[in-house]
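Residue numbers begin at 1 in each chain, while the letters A, B, ... track the order of the sequences.
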Protein chains: 2
Amino acid sequence: MTSRQRAATSVTLADVAARAGVSPATVSRVLNDSYPVSASTRDRVTRAVRELKYVVNGHARALAASTSMVVGVIVNDVSDPFFSQIVRGIQTEAAHDGKLVVICNTEGEPARELSYLELLRQQRAHSVLLTGAAVDDPVHLAELAEQGRGLLAQGGRLVLCGRPRLPDVDAPAVTFANHAGASALARHLVELGHRRIAYLTGPLGRTTTAERFAGFREQLAAAGVPLAPELVLSGGFTRAAGYDNTRALLAAGAEFTALVTANDAMAFGALAALREHGIDVPDQVSVAGFDDLPFCVDSAPPLTTVRLPLTEAGALAARLAAGREPVPFGGVVTLQGELVVRRTVNRPPSQPGGQR
Amino acid sequence: MTSRQRAATSVTLADVAARAGVSPATVSRVLNDSYPVSASTRDRVTRAVRELKYVVNGHARALAASTSMVVGVIVNDVSDPFFSQIVRGIQTEAAHDGKLVVICNTEGEPARELSYLELLRQQRAHSVLLTGAAVDDPVHLAELAEQGRGLLAQGGRLVLCGRPRLPDVDAPAVTFANHAGASALARHLVELGHRRIAYLTGPLGRTTTAERFAGFREQLAAAGVPLAPELVLSGGFTRAAGYDNTRALLAAGAEFTALVTANDAMAFGALAALREHGIDVPDQVSVAGFDDLPFCVDSAPPLTTVRLPLTEAGALAARLAAGREPVPFGGVVTLQGELVVRRTVNRPPSQPGGQR
DNA sequence: CTGAAAGCGCTTACAG
DNA sequence: CTGAAAGCGCTTACAG
């Protein structure tokens with residue numbers, strides 16, 4: 001009454017055994033269906049389970065059998081559709097395996113990637129999926145690799161999703177063909193006649209930022225179209241960053257006939273800023289994003305972008321983690337993007353002077 | 001070598017104790033900082049932990065200390081912004097408590113609510129948050145209540161979010177003032193002069209559907225504006241349902257000057273359908289949604305809707321579950337919505353004949 | 001087909 | 001401040 005006044009008492013497997021008049025071992029066997037048990041015994045046990053409303057203790061089971069039901073997913077922000085689409089793919093596969101998915105939000109802080117990885121190791125997670133762009137800080141990457149190796153040594157699995165493999169860690173990666181997607185977008189714009197193109201890169205020092213920008217820049221260079229330094233701005237992968245940077249461009253009097261943002265969220269912000277300035281899209285300025293979030297089809301106007309198979313990527317990563325998908329040669333499978341032409345891109349206005 | 005050929009061996013607390021030359025009890029004490037330990041002993045232990053790269057086994061800890069780090073969240077679909085906003089609020093609070101958030105996607109299937117609740121009970125979840133509209137099937141509700149009581153009896157906590165309390169279960173609820181929000185919307189439309197209003201209800205037999213529709217209908221009735229039965233359609237809470245039902249309305253030649261949908265996702269679908277039919281919003285037909293998803297500001301046109309404090313609701317529910325927020329009298333706290341007037345609503349066209 | 005027993009890796013009174 | 005010991009609730013060889 002004193003030391004456990006508010007302790008919640010659960011019925012245990014031993015209680016079930018007593019009620020059914022069998023040994024705990026037998027109860028365990030019918031619960032897990034792991035060994036043959038006579039029908040009558042099984043009946044008595046299942047009845048006792050029902051009568052006592054017994055619920056197995058997952059921690060005890062995990063400890064004794066050294067198994068785990070949890071699949072950890074590390075994301076920047078679950079409420080960002082880019083990530084929630086990936087998470088949905090993972091969820092579906094995890095449910096198929098009877099696993100539980102744990103969401104860890106880093107809010108973009110690399111340090112939290114590390115601490116969540118450790119937390120998941122403590123939980124003896126069956127696997128962890130690390131999603132989103134990686135920061136390319138070698139120190140951080142080394143620490144991540146160290147934790148990753150620790151996870152593997154523990155018997156856990158690790159899969160990267162939307163980022164490259166970790167150095168010296170035997171973990172596969174599902175990546176996106178960011179470079180190719182950005183190239184396709186650049187080509188499309190050039191073919192339509194655009195020569196003054198602005199580009200909002202996303203946050204510096206992230207793999208995704210670098211890959212998309214490189215694809216874009218190189219394609220432009222190949223086509224002999226210069227990319228004016230003053231038309232390239234960086235910021236977060238957010239709508240606010242797209243909005244702010246577009247306003248900054250406009251305030252500086254920059255001239256451009258097309259504006260490409262490294263993701264869709266930024267493009268929505270850009271569209272809003274252009275609208276506020278009374279600039280017509282696509283007649284005065286063309287706009288394009290990247291990702292093809294579900295909402296692109298409903299924006300004003302519907303956004304031209306590069307579609308990435310987000311949900312499929314999550315599902316694939318989960319299957320790789322579950323061992324239900326063979327690990328490809330080289331350990332990385334790259335998913336292609338696809339140019340989706342909607343209403344925000346047009347030929348550049350013919351009159352000189354750009355968007356004005 | 002045979003029976004454990006691929007068994008992953010982890011370093012245990014006993015290994016750390018041996019290395020540091022102290023007892024396991026002492027290691028546990030420094031790990032948990034639960035009792036005074038001399039500085040020199042503490043140093044030896046922390047060094048051993050580091051050298052051995054020891055990671056505590058959460059299952060063993062949970063079993064011995066009967067504590068749990070997991071907070072379970074049951075949602076219809078994480079990739080639906082309505083839910084991902086709520087989840088984000090929960091995540092933030094959980095991180096504050098050092099807890100891990102487990103996401104369970106029911107895909108709208110009541111049966112999966114039950115099975116996830118049981119899974120969460122197995123994991124001895126610290127608390128579970130049940131979100132989204134409840135189906136008002138008494139049998140299902142009774143089963144849910146039963147599971148809820150079991151969770152409580154186990155020492156877990158339960159909080160409802162976006163749905164009413166469960167019968168005879170001592171669990172608080174965070175609800176939305178759906179009725180009042182829908183009333184406000186109806187009043188706004190009526191004041192602008194709308195008399196022929198269509199309403200897409202969402203799925204039948206859900207609390208949210210019923211509450212919003214009741215608020216809307218009753219306000220209209222109070223204003224003496226009839227709600228024509230042929231202008232009320234039901235379907236899912238999805239963009240597709242909004243699109244399909246709007247097309248159905250149009251195909252049937254229905255006449256209306258305003259179209260209200262029970263949530264924003266449906267409104268986006270409705271806007272698309274109207275656009276395809278060449279009907280101008282808001283000059284020919286006004287449209288309004290409910291929820292105020294982040295994207296509303298970017299739709300074509302920006303959507304008039306009722307803002308719900310989704311993230312705050314999730315955070316509040318999580319704090320209630322953590323015991324960091326006092327449970328209000330009656331066990332339910334209702335969060336108010338707020339009418340957000342944007343660009344999809346206007347006066348009805350003056351010429352007779354509705355939208356045509 | 002079934003049981004007794006050891007063990008999974010911790011924590012926590014209890015005793016010094 | 002520290003250790004020996006029991007116990008948390010399961011599973012799983014090992015023996016029948």
Self-check item: Near-strand residues of residues 26-38 of chain A, defined as heavy-atom separation under 4.0 angstrom from DNA chain C
Solution: A:T26, A:R29, A:P36, A:V37, A:S38
Figure out the [atom1]/[atom2] separation between [X] and [N], and round it to whole Å.
X: A:N57; N: C:dC8; atom1: CG; atom2: P; result: 18 Å
X: A:R61; N: C:dG7; atom1: CZ; atom2: C1'; result: 17 Å
X: B:R124; N: C:dC10; atom1: CZ; atom2: C1'; result: 17 Å
X: B:L13; N: C:dT12; atom1: CG; atom2: P; result: 12 Å
X: A:L52; N: D:dG9; atom1: CG; atom2: P; result: 14 Å
X: B:M69; N: C:dC10; atom1: CE; atom2: C1'; result: 15 Å
X: A:L63; N: D:dC10; atom1: CG; atom2: P; result: 12 Å

Quiz item: More than 12 heavy atoms of other residues, nucleotides or ligands under 6.0 Å from CG of B:N32: is that the case?
Solution: yes
Quiz item: Got a sec: does the CG of A:D170 have more than 12 other heavy atoms crowding it under 6.0 Å?
Solution: no
Is any NZ, NE, NH1 or NH2 atom of the basic residue among [X] and [Y] found under 4.0 Å from an Asp or Glu carboxylate oxygen of the other?
X: A:R157; Y: A:E325; answer: no
X: A:K99; Y: A:E93; answer: no
X: B:D33; Y: B:R42; answer: yes
X: B:E146; Y: B:R121; answer: no

Quiz item: When all nucleic acid strands are considered with a 4.0 Å heavy-atom cut-off, which category describes A:A25: base, sugar-phosphate, or nothing?
Solution: base
Exercise. Specify the residue among B:A64 and B:R42 whose closest nucleotide of DNA chain D lies further upstream toward the 5′ end.
Key: B:R42
Quiz item: Between D:dT2 and B:T41, is there an OP1 or OP2 to side-chain N/O distance shorter than 4.0 Å?
Solution: yes
Quiz prompt | Pairwise P distance for C:dC14 and C:dC10, with rounding to whole Å | solution = 24 Å
Self-check item: Test item: A:Q122 and B:N57 side chains (from C-beta on) under 4.5 Å apart, heavy atoms
Solution: no
Quiz item: C:dA13 pairs with which nucleotide, Watson-Crick or G-U wobble, both distances below 3.5 Å?
Solution: none
